[in-house]
Amino acid sequence: MAILYVSLLWAFMLDFFHDSNWMSTTIQYAPMALAWIIIIVMAIFEAVNKDKMDEASVSKREGNEKSMKLLALIFLWAAVISMNFIAGTPGMDFLNIHRPEFWIFLILLPLLTAFNYRRKTDGVA
């Protein structure tokens with residue numbers, strides 16, 4: 001999943017340079033398309049080898065992945081906020097920190113999905 005975060009970071013950072021003459025859609029979004037292709041191929045190989053993995057290593061890996069996802073999300077927020085001050089206004093509205101779309105889609109929704117809140121009624125029939 002690190003490759004997805006790097007491709008998102010690439011697309012978000014290059015969106016701040018939308019006025020430059022060297023910037024094109026291919027430069028901005030081609031790494032993201034390549035990342036999705038690699039993720040799909042890795043998922044196919046993981047599905048084939050799934051029966052070989054034991055449960056202990058899977059649970060340990062899931063705990064590490066959750067903390068890494070949260071750290072990557074915080075780094076992404078810091079990068080977007082700093083680029084708003086350094087490079088100016090981005091091309092997409094949801095990367096502009098002065099717009100509510102940024103705070104809803106890039107801050108609030110990922111935070112809500114990062115923490116799995118369990119209710120008292122979960123698992124009760």
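Residue indices begin at 1 and follow the sequence shown. Because only heavy atoms are used, hydrogens play no part in the values below, and waters and symmetry mates are left out as well, while side chains stay in.
- Between the CG atom of Asn96 and the CG atom of Leu106 there is a distance of 11.5 Å, given to the nearest 0.5 Å.
- Residues Trp10 and Tyr29 are not in side-chain contact: their nearest non-hydrogen atoms beyond the backbone lie 4.5 Å or more apart.
- Using a 4.5 Å cut-off between side-chain heavy atoms of Ile, Leu, Val, Met, Phe, Trp and Tyr, with links allowed through other members, Phe105 and Leu8 fall into different hydrophobic clusters.
- Not a single donor-acceptor pair under 3.5 Å links the side chain of Asp93 to the backbone N or O of Arg99.
- In this pair, Phe17 and Trp22 present their aromatic rings tilted. The plane angle is within the 30 to 60° band.
- In this structure, the side chain of Gln28 engages the main chain of Ala11 through a donor-acceptor pair within 3.5 Å.
- Summarising the geometry, atom CE belonging to Met68 is positioned 12.5 Å from atom CG belonging to Leu73; distances are rounded to the nearest 0.5 Å.
- From Ile37, atom CD1 reaches atom CE of Met42 across 14.0 Å, with rounding to the nearest 0.5 Å.
- The side chain to side chain contact (heavy atoms under 4.5 Å, CB included) test with Ile81 is passed by exactly one of Leu76, Leu95, Ile97: Ile97.
- Here the side chains of Trp36 and Ile3 are not in contact, with every heavy-atom distance at 4.5 Å or above.
- For Asp15 (side chain) and Pro90 (main-chain N/O), no donor-acceptor pair under 3.5 Å exists by modelled atom type.
- Ala87 and Phe16 get closest at one heavy-atom pair: CB-CB, 3.9 Å.
- A pairwise comparison of heavy atoms in Ser7 and Pro31 identifies CB-O, 3.8 Å as the closest pair.
- Both Leu9 and Ile39 are assigned to one and the same hydrophobic cluster, defined by single-linkage of ILVMFWY side chains at heavy-atom distances under 4.5 Å.
- The distance from the NE2 atom of His18 to the OG atom of Ser24 is 14.5 Å, given to the nearest 0.5 Å.
- Both Phe85 and Trp103 belong to a common hydrophobic cluster when Ile, Leu, Val, Met, Phe, Trp and Tyr are linked at side-chain heavy-atom distances under 4.5 angstrom.
- Under the 4.5 Å side-chain criterion, counting only non-hydrogen atoms from C-beta, Phe102 is in contact with Val80.
- Leu4 and Ile38 end up in the same hydrophobic cluster when Ile, Leu, Val, Met, Phe, Trp and Tyr side chains are linked at under 4.5 Å.
- Cluster annotation: Leu109 and Ile74 are assigned to distinct hydrophobic clusters (Ile/Leu/Val/Met/Phe/Trp/Tyr, side-chain heavy-atom contacts under 4.5 Å, transitive).
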